Amino acid sequence: MLAIEPSVLAADFARLGEQAREAEAAGVEGLQIDVMDGRFVPNITFGPGVVRALRPLVSVTLDVHLMIVEPERYLEDFAAAGADRLMVHQEACRHPHRVLQSIRELGVEAAVAINPGTPLSVLEELLDLTDLIQVMTVNPGFGGQPFIRSQVEKIRHLRQMLDEQSRDIPIAVDGGIDTTTAPLVVAAGATVLVAGSSIYNTKASVADNVAALRASVKSAQGE
């Protein structure tokens, strides 16, 4: 089943709780909370307090995307704040295997993300500890960037790699996801769509944008 996780980075911060509830009412499966430290990526965003504030407002998965160096220092804080899944970047971890182990020991799902310039080979020794893999289709740091089309082939190769090993690990895609690019990544094997500015914008309601994103995929699949 296809899952949609709006990125709250694109939401109206003055109405963050309200916009989180709008997404849940629209039927999304989760919300992705992009945590940036100004070091691993050139931006600064949220801390555990935002997760703690959103947790009682929605029942959907809170997927915390840690775009930070030394993520192991903050795992307990985000888990205690109410995260359902903690995602780290392979590129930001000196010992990614240990970090993923630590996440699972906290009783939450462990996920790993890779940047556009990172090869799939870095994932091979991490699959036993990974509950979700996220392929970045933009370079992380800012919302609203254009989709990097070369990553579609990476998604396809990742799907093949997982299928060959009989691993049922969801593939999430984050960056430039809209009604044009969503069908491309789903056809390549993605099962989770992380969308920011195509969900939270002034062109239409959150509900209408979520519906349009789902419809684009179904239309491409001939449903």
Side-chain angles (χ1 to χ4, degrees), residues 1-13 15-34 54-55 57-65 83-85 87 109 111 113-114 116 131-138 140 142-160 162-163 167-223:
M1 184 182 74
L2 179 69
I4 294 178
E5 291 188 4
S7 168
V8 300
L9 183 64
D12 180 348
F13 292 172
R15 300 190 302 116
L16 188 55
E18 179 185 342
Q19 295 227 297
R21 288 192 294 264
E22 286 179 15
E24 182 174 47
V28 304
E29 286 71 26
L31 293 170
Q32 191 154 122
I33 301 170
D34 293 318
L54 290 177
R55 181 67 286 170
L57 301 181
V58 294
S59 59
V60 297
T61 296
L62 292 185
D63 191 352
V64 178
H65 182 189
D84 296 296
R85 180 186 299 132
M87 181 187 306
E109 291 187 13
I114 55 173
D131 297 303
L132 176 142
I133 298 168
Q134 182 159 295
V135 176
M136 298 300 298
T137 43
V138 298
F142 298 96
Q145 297 184 69
F147 180 82
I148 300 175
R149 287 184 173 266
S150 63
Q151 299 308 292
V152 174
E153 194 62 24
K154 180 189 283 185
I155 296 163
R156 185 172 292 111
H157 287 161
L158 176 58
R159 182 78 274 159
Q160 292 171 352
L162 296 176
D163 288 347
R167 294 183 184 272
D168 187 22
I169 300 175
I171 298 174
V173 181
D174 180 13
I177 297 300
D178 56 25
T179 55
T180 299
T181 57
L184 300 178
V185 299
V186 170
T191 52
V192 181
L193 301 177
V194 180
S197 56
S198 65
I199 297 294
Y200 290 118
N201 58 52
T202 59
K203 299 175 183 177
S205 69
V206 170
D208 286 346
N209 287 331
V210 170
L213 195 61
R214 289 198 195 278
S216 71
V217 174
K218 290 182 178 180
S219 176
Q221 294 173 332
E223 297 181 18

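All of these numbers come straight from a predicted model, not from anything done at the bench. Values below: every heavy atom of this structure, side chains too, minus hydrogens, waters and symmetry copies.
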### Task
Ignoring hydrogens and angles, state whether a donor on the side chain of Asp34 or Ser7 is under 3.5 Å from an acceptor on the partner side chain.
yes

### Message
Has Asn201 got a side-chain atom pairing as donor or acceptor with Ala204's backbone, closer than 3.5 angstrom?
### Response
yes

### Task
Flag the pair Leu184 / Arg149 as yes when at least one side-chain heavy-atom distance between them is below 4.5 Å, and no otherwise.
yes

### Task
Please round to the nearest 0.5 Å and tell me the distance separating atom CG of Leu158 and atom CD1 of Ile133.
4.5 Å

## Note on the structure
Closest non-hydrogen atoms of Val60 and Leu31, given as atom of the first, atom of the second and distance, are CG2-CG, 4.1 Å

### Straight-line distance of Thr191 OG1 to Met1 CE, nearest 0.5 Å
10.0 Å

### Query
Tell me, do Glu5 and Arg85 make a side-chain contact under 4.5 Å, heavy atoms counted?
yes

### Message
With a 3.5 Å distance limit and no angle check, can you tell me whether Asn209 reaches the backbone of Ile199 through a side-chain donor-acceptor pair?
### Response
yes

### Query
Where is the tightest heavy-atom contact between Val138 and Pro146, given as atom of each residue plus distance?
CG1-O, 3.3 Å

### All side-chain hydrogen bond (donor to acceptor under 3.5 Å, both in side chains) counterparts of Arg156, not counting sequence neighbours
Glu153

### Query
Does the side chain of Met136 reach to within under 4.5 Å of the side chain of Ile114, using non-hydrogen atoms?
no

### Validation row: Arg214, Leu193 side chains within 4.5 angstrom (heavy atoms)
no

### Task
Mind listing the closest non-hydrogen atom pair of Gly17 and Leu54 along with its distance?
CA-CD2, 4.1 Å

### Summary
Rounded to the nearest 0.5 Å, the CZ atom of Arg21 sits from the CG atom of Leu16 at a distance of 10.0 Å

### Summary
Minimal heavy-atom distance between Ala188 and Val152, with the atoms involved, is CB-O, 3.7 Å

### Task
For Gln134 and Asp174, run side-chain hydrogen bond (donor to acceptor under 3.5 Å, both in side chains): C-alpha distance rounded to whole Å, both residues' side-chain angles, the deciding distance at 0.1 Å, then the answer.
CA-CA 7 Å; Gln134 182 159 295; Asp174 180 13; 3.2 Å; yes

### Query
Does some side-chain heavy atom of Val194 sit less than 4.5 Å from a side-chain heavy atom of Ile177?
no

### Summary
Separation between CG (Leu2) and CD (Glu29), nearest 0.5 Å, reads 7.0 Å

### Message
Minimum heavy-atom separation for Ala10 and Ser197, please, with both atom names.
### Response
CB-N, 3.6 Å

### Summary
dist Asp84:CG -> Thr61:OG1 (nearest 0.5 Å) comes out at 5.0 Å

### Task
Apply the test side-chain contact (heavy atoms from CB on, under 4.5 Å) to residues Thr137 and Thr181: give CA-CA distance (whole Å), side-chain angles for both, the deciding distance (0.1 Å), then the verdict.
CA-CA 10 Å; Thr137 43; Thr181 57; over 6 Å; no

### Query
Do Glu24 and Ser59 come within less than 4.5 Å of each other through their side chains, counting heavy atoms only?
yes

### Message
Once side-chain hydrogen bond (donor to acceptor under 3.5 Å, both in side chains) is applied, do any residues pair with Ser150, and if so which ones, sequence neighbours excluded?
### Response
none

### Message
Taking the side chain as everything from C-beta on, heavy atoms only, tell me whether Thr180 gets closer than 4.5 Å to Phe147.
### Response
no

### Summary
Closest non-hydrogen contact found for Met87 with Ala113 is SD-CB, 3.8 Å

### Message
With rounding to the nearest 0.5 angstrom, report the CD1 to CG distance, Ile33 to Asp63.
### Response
8.5 Å

